[in-house]
Amino acid sequence: MGSHFFLPKPSNLSFYNALLQECLESSDLQTGKMLHTNILKSGFLSQIFLTNRLIQLYFKREDSHDARKLFDEMPQRDSFTWNIMIAGYVRSKDIIEARKIFYGNVWRNDISWNTIIRGYVQEGEGSIALHLFNQMIIQGLKPTHFAVSSVLRACAGLSWLKTGKLLHGLSYRFGLEGNVVVCTSLIDMYCKCRELTNACHIFNRMPERNIVSWNAILSGYSQNSLGEDCFRMFIEMLEFGLKPDHITFAVLLSSTAALANLVQGKQLHGFIAKSQFGSDVYVETALIDVYAKCGSVDNARQVFNSMTKQNTVSWSSMVIAYAQNGYGKEAISLFEEMLNSGFKPDAITFVGVLMACSHSGLVDEGCSYFDIMQRVHGIEPDKTHYTSLVDLFGRAGYLKEAVELINRMPVKPDAAIWGALLGACRVHRDPELGQLAASKVFELEPQNASAHMLLCHIYSECGNWDDAAKLRAKMKNLGIKKDPGYSWIEVDNVVHRFVADDDSHPRIDEINIALKKLIEQIEHIGYVFYPSSPFNHKIEEGRESYHSEKLAIAFGLISTPTEKTIRIMKNLRVCGDCHNTIKFISQLSGREIIVRDHQRLPVLKKNLQHIQVAATLFCQCLMLLIRDKDHSMILFRSSSAPINNVETDFKCLNYMDLPLQKELLPVVPQMKHSYQQPHVEAQFGLLYSGRMQLS
DNA sequence: CTAGGGTTAG
């Protein structure tokens, strides 16, 4: 580049044009500026298209000031100049200036319209975007896929299903039926409005699909918690010969996180690390979330530390990873670090921060963060923030303050807010207030099973058997069923599911014996049986009846090596006695035990079969990815080149699983501490991320 | 000069 530059005066414009083009592509402002000087000297500045390129370059370097200067000084402009200015301001998120240019534009054409519409969509101003879209049509311009996709995106962002459908119909009249871009936008819009049937309909009838369309439908499944279908579609996509890109992997990871499958997550991580998509902020953030959802905070932090680029979302994800897993202090200090590093927190970051305060009982800190959120960061608290605040007060025992807060909050309290109060009432044994909170939940959500169960527990824990029985009867009348409690554990690639009183497991006798012995042993070190309700513990036919999580843990203990972490999933909340028992078992056996319940992991409420099917499908995905030579070429850096035998199936899987894991993710050190150690205690935060607490 | 798909909470 430099040597070209010192050539004598170029004799033609195309030479400068080509050089500037190159600067634009490499964002090389320095050379651009030198060229600028040269252009001035040679009197070529009057050539509009050269200055246009220069303006673009300034905008690309986020220097809208100098871009504007150049624009103002131009003796002559063309339609490109004006459009570049609009696009430049849209890029730098300055919609005010973009608008001024748009209205002052004498050369206004359909591209100007498309750009300004896009700008308002980006601002979240869907109504304005739609208004402009209307204006554009009134002016007699026929919208193309550019404008239509933009307004569809606005509908997707705001869940405007009606308008979206209207645009769907309209797009046919504009002759855009079957247009890839429009169809993809429609798929996305329907998915974001939770109308998957329509989305699939369009997808299936598209005359042409590309990776963007596939990603749209994959993310649709993922966002609607249909992990199975997401993997199934991904397999189909590979079979169609499409190559996944970094966005595909971000989506797959998000599905894996929702399924809280650590093995899957690690395998994908291994695969991605060897691919060219390992250093994408979205992919890495999704990975943090996978580990966080699986309770592996250390691995989440490793990913976070390894990132070369950070943004608000990646910081928030790590803050939330700590908060969700019970590491309140770490979450808060990371948040402070985030502020010191100059990253701007958003509404979601503060959900994490408040959650962290709630976990660690930091009431004053929580209040002050709530205050700072509005005053310093200008974020209006929404219902989720108020829910966190009620939870914070309630859990710390400030029930009065929680009620006062509900009464004076500017938003209308919803079922979640009253539910948080209800949970606090259970912890702090306040049946009167609990009854009030429950009645409010019932008004809003008459079928809310967990609120009924909570109130039921409150009654029975206070010895009020009558009301407890009445409530049970009411639930039966209303057809509210309590799901049976399932717990499951994976041992040697087999998922073992347990239900209380279910004798079907082949090793059930061993399990019962082991449990009985364990309980005797932990009684010696201080464990006391403490039923939180009569439904909690039954003795039938003279034999103990254990909750499913106890069965699963006992099975884990007798069937896995002593250094292995025991990971249990449960579809319901864990009861107080089980929580306590597990802590003692962990102390006694020196094993790390991680139990995930459905709190913030809604997939666990679903039928276990779905999860197993998803796991099977995932394995197929992985095999296909590894086997396909073509994909390997894209996905693997040539320097790594460790996979010579991509065809020899299982070796590859082992390869992904073992050596790569060791290299990338040092095994989490075994927990030898007693349960009083903060780390272990924090792991149990998983059990009680919500409403129960041991007295 | 304009366009569609991604990560975090509830």
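All chains are named by letter (A, B, ...) in the order of the sequence lines, taking the proteins before the strands, and each is independently numbered beginning at 1.
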Give a yes/no answer on whether the side chain of [X] brings an N or O atom under 4.0 Å of OP1 or OP2 in [N].
X	N	value
A/S254	B/dT8	yes
A/K293	B/dT7	no
A/Q324	B/dT8	no
A/R118	B/dG4	yes
A/K192	B/dG6	yes

Report which part of the nucleic acid [X] touches: base, sugar-phosphate, or nothing (heavy-atom distance under 4.0 Å, all strands).
X	value
A/E284	nothing
A/I320	sugar-phosphate
A/Q310	nothing
A/S149	sugar-phosphate
A/S317	sugar-phosphate
A/D245	base
A/I211	base

Does the plane of the ring in [X] sit parallel, tilted or perpendicular to the ring in [Y]? Use 30° and 60° as the thresholds.
X	Y	result
A/W315	A/F343	tilted
A/F271	A/F249	tilted
A/Y89	A/F59	perpendicular
A/F71	A/W82	perpendicular

Record whether the side chain of [X] comes under 3.5 Å of the base of [N] through a donor-acceptor pair of N or O atoms.
X	N	result
A/D382	B/dG10	no
A/N179	B/dG4	no
A/T115	B/dT2	no

#### Entry: A/R209 to A/F203 six-membered ring, cation-pi geometry met (6.0 Å, 45°)
yes
### Interface residues of residues 106-113 of chain A with DNA chain B (non-hydrogen, below 4.0 angstrom)
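A/I111, in order of number.
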Report the nucleotide, chosen from [options], that has the shortest atom-to-atom distance to any side-chain atom of [X].
X	options	answer
A/V180	B/dG4, B/dT2, B/dT7	B/dG4
A/R53	B/dC1, B/dT2, B/dT8	B/dC1
A/V181	B/dA3, B/dT8, B/dG6	B/dA3
A/H145	B/dT7, B/dA3, B/dA9	B/dA3

#### Entry: Lys/Arg N to Asp/Glu carboxylate O, A/D229 vs A/R232, below 4.0 Å
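Here A/D229 pairs with A/R232 in a salt bridge, since their nearest N and O are under 4.0 Å apart.
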### Message
I'd like to know if A/R301 pairs up with A/E330 as an ion pair, taking the criterion as any Lys NZ or Arg NE/NH1/NH2 lying under 4.0 Å from an Asp or Glu carboxylate oxygen.
### Response
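No.
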